[in-house]
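Data first, discussion second: the structure below is written as structure tokens.
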Amino acid sequence: MTLPLVAPLFPAGREPLPPGITEEDRAQIMQTKKYQGWMTAGMESCAAKTAIAGVGGLGIGAFFSLMSASFAYEDPYLRSQSQAALSQTQKAREIFKEMGKGMWRSGKGFGKVGALFAGIECVIEGYRAKNDMVNPVAAGFVAGGILARNSGPKAVLGGGLAFAAFSAAIDLFLRRESADDD
């Protein structure tokens, strides 16, 4: 018996199939939905968000260091005097080693900041069960304070305030409505 204006109820796994899908395909669809649920749960976890932000920060920091490496070298004549005994291949090897060390150093710094901020923001968002402007501002304040912890209490407060303001500005920019939405 069907009641008017009431949605039909089906037992789990026995829902009607979309057009063109046969009953033999049901097991594959259910397995795909299960994997999709696992992926969604994994991507919403704080550990995954922290790892993604850390790896992304590492890549961005290395890229910025690579792009700025061309400005890091002095006049070639001064450099050639100090490395006159080295061949061109040895000089190139030394330059690439130096660039690699700079990329790693810069990437580690960006990755640390990204992972720290993303992890703190995810924990705050999970605790508050809200996604609003308070989360990035609070996470920025805590992350800025942690990053400045070795420089004294004034630096902790200043770093926290500066990072919170930066986080608020970035989040306001990302949350703004575009002109197309009107």
Side-chain angles (χ1 to χ4, degrees), residues 5-67 103-151 155-182:
L5 301 175
V6 176
L9 296 175
F10 298 98
R14 301 303 315 159
E15 301 90 358
L17 293 168
I21 305 295
T22 63
E23 193 62 40
E24 291 79 34
D25 297 331
R26 185 182 294 276
Q28 186 178 5
I29 291 171
M30 297 306 287
Q31 186 174 15
T32 302
K33 286 175 103 175
K34 181 173 67 172
Y35 291 150
Q36 185 179 11
W38 289 350
M39 290 297 291
T40 301
M43 291 305 293
E44 290 177 357
S45 74
C46 288
K49 288 181 181 180
T50 301
I52 290 169
V55 171
L58 181 86
I60 289 172
F63 178 75
F64 284 164
S65 179
L66 179 65
M67 291 298 110
M103 288 171 61
W104 176 248
R105 193 171 40 250
S106 179
K108 275 193 324 184
F110 272 75
K112 180 173 93 171
V113 171
L116 181 67
F117 177 78
I120 292 170
E121 183 182 24
C122 184
V123 168
I124 290 172
E125 184 176 325
Y127 179 76
R128 294 184 66 236
K130 290 182 183 177
N131 186 357
D132 58 6
M133 280 295 296
V134 175
N135 298 338
V137 172
F141 183 78
V142 173
I146 289 172
L147 292 170
R149 71 187 180 279
N150 294 332
S151 300
V156 168
L157 181 63
L161 290 174
F163 206 134
F166 180 72
S167 299
I170 295 295
D171 212 60
L172 280 172
F173 177 75
L174 292 176
R175 289 180 188 252
R176 79 185 192 293
E177 293 184 21
S178 65
D180 299 346
D181 294 341
D182 292 335

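Values reported hereafter were calculated over all heavy atoms of this structure, with side chains retained and with hydrogens, waters and symmetry mates removed.
When all heavy atoms of Ala53 and Ala118 are compared, the pair lying nearest together is CB-CB, 3.4 Å. When all heavy atoms are compared, the tightest approach of Lys49 to Glu44 is CE-O, 4.0 Å. When all heavy atoms are compared, the tightest approach of Cys46 to Val123 is SG-N, 3.8 Å. Heavy atoms only, all atoms of each residue included: Ala48 and Gly42 are closest at CB-O, 3.0 Å. In this structure, Ala143 and Leu116 approach most closely via the heavy-atom pair O-CD2, 3.9 Å. Heavy-atom minimum distance, Thr22 versus Leu17: O-CD1, 3.4 Å.
Ring-centre distance between Phe141 and Phe163: not below the 6.0 Å cut-off.
Sparse packing is recorded around CE of Met43, with 12 or fewer heavy atoms of other residues, nucleotides or ligands lying under 6.0 Å away. Around OH of Tyr127, the count of heavy atoms belonging to other residues, nucleotides or ligands within 6.0 Å does not exceed 12. Applying the 6.0 Å contact sphere to CE of Met133 captures more than 12 heavy atoms from other residues, nucleotides or ligands.
Within the 4.5 Å cutoff, the side chain of Leu58 has no heavy atoms near those of the Lys112 side chain. You'll find the side chain of Trp104 stays beyond 4.5 Å of the side chain of Ser65, heavy atoms only.
Listed for the Thr40 side chain is a donor-acceptor partner under 3.5 Å among the backbone atoms of Gln36. Checked by atom type and distance alone, the side chain of Asn135 pairs as donor or acceptor with a backbone atom of Lys130 at under 3.5 Å. No side-chain donor-acceptor contact under 3.5 Å links Arg26 to the backbone of Glu23. Between the side chain of Ser106 and the backbone N or O of Met103 there is no donor-acceptor pair closer than 3.5 Å.
In this structure, the separation between CZ on Phe63 and CZ on Phe110 is 11.5 Å, given to the nearest 0.5 Å. Remark: Asp25 CG to Met30 CE distance equals 13.0 Å, nearest 0.5 Å. To the nearest 0.5 Å, atom NZ of residue Lys34 and atom OG1 of residue Thr32 are 10.0 Å apart.
For Arg176 and Phe173, the positive end sits near the middle of the six-membered ring, less than 6.0 Å away and at most 45° from its axis.
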Point to revise | Criterion side chain to side chain contact (heavy atoms under 4.5 Å, CB included) on Thr50 and Ile120, from CA distance to verdict | key: CA-CA 9 Å; Thr50 301; Ile120 292 170; over 6 Å; no
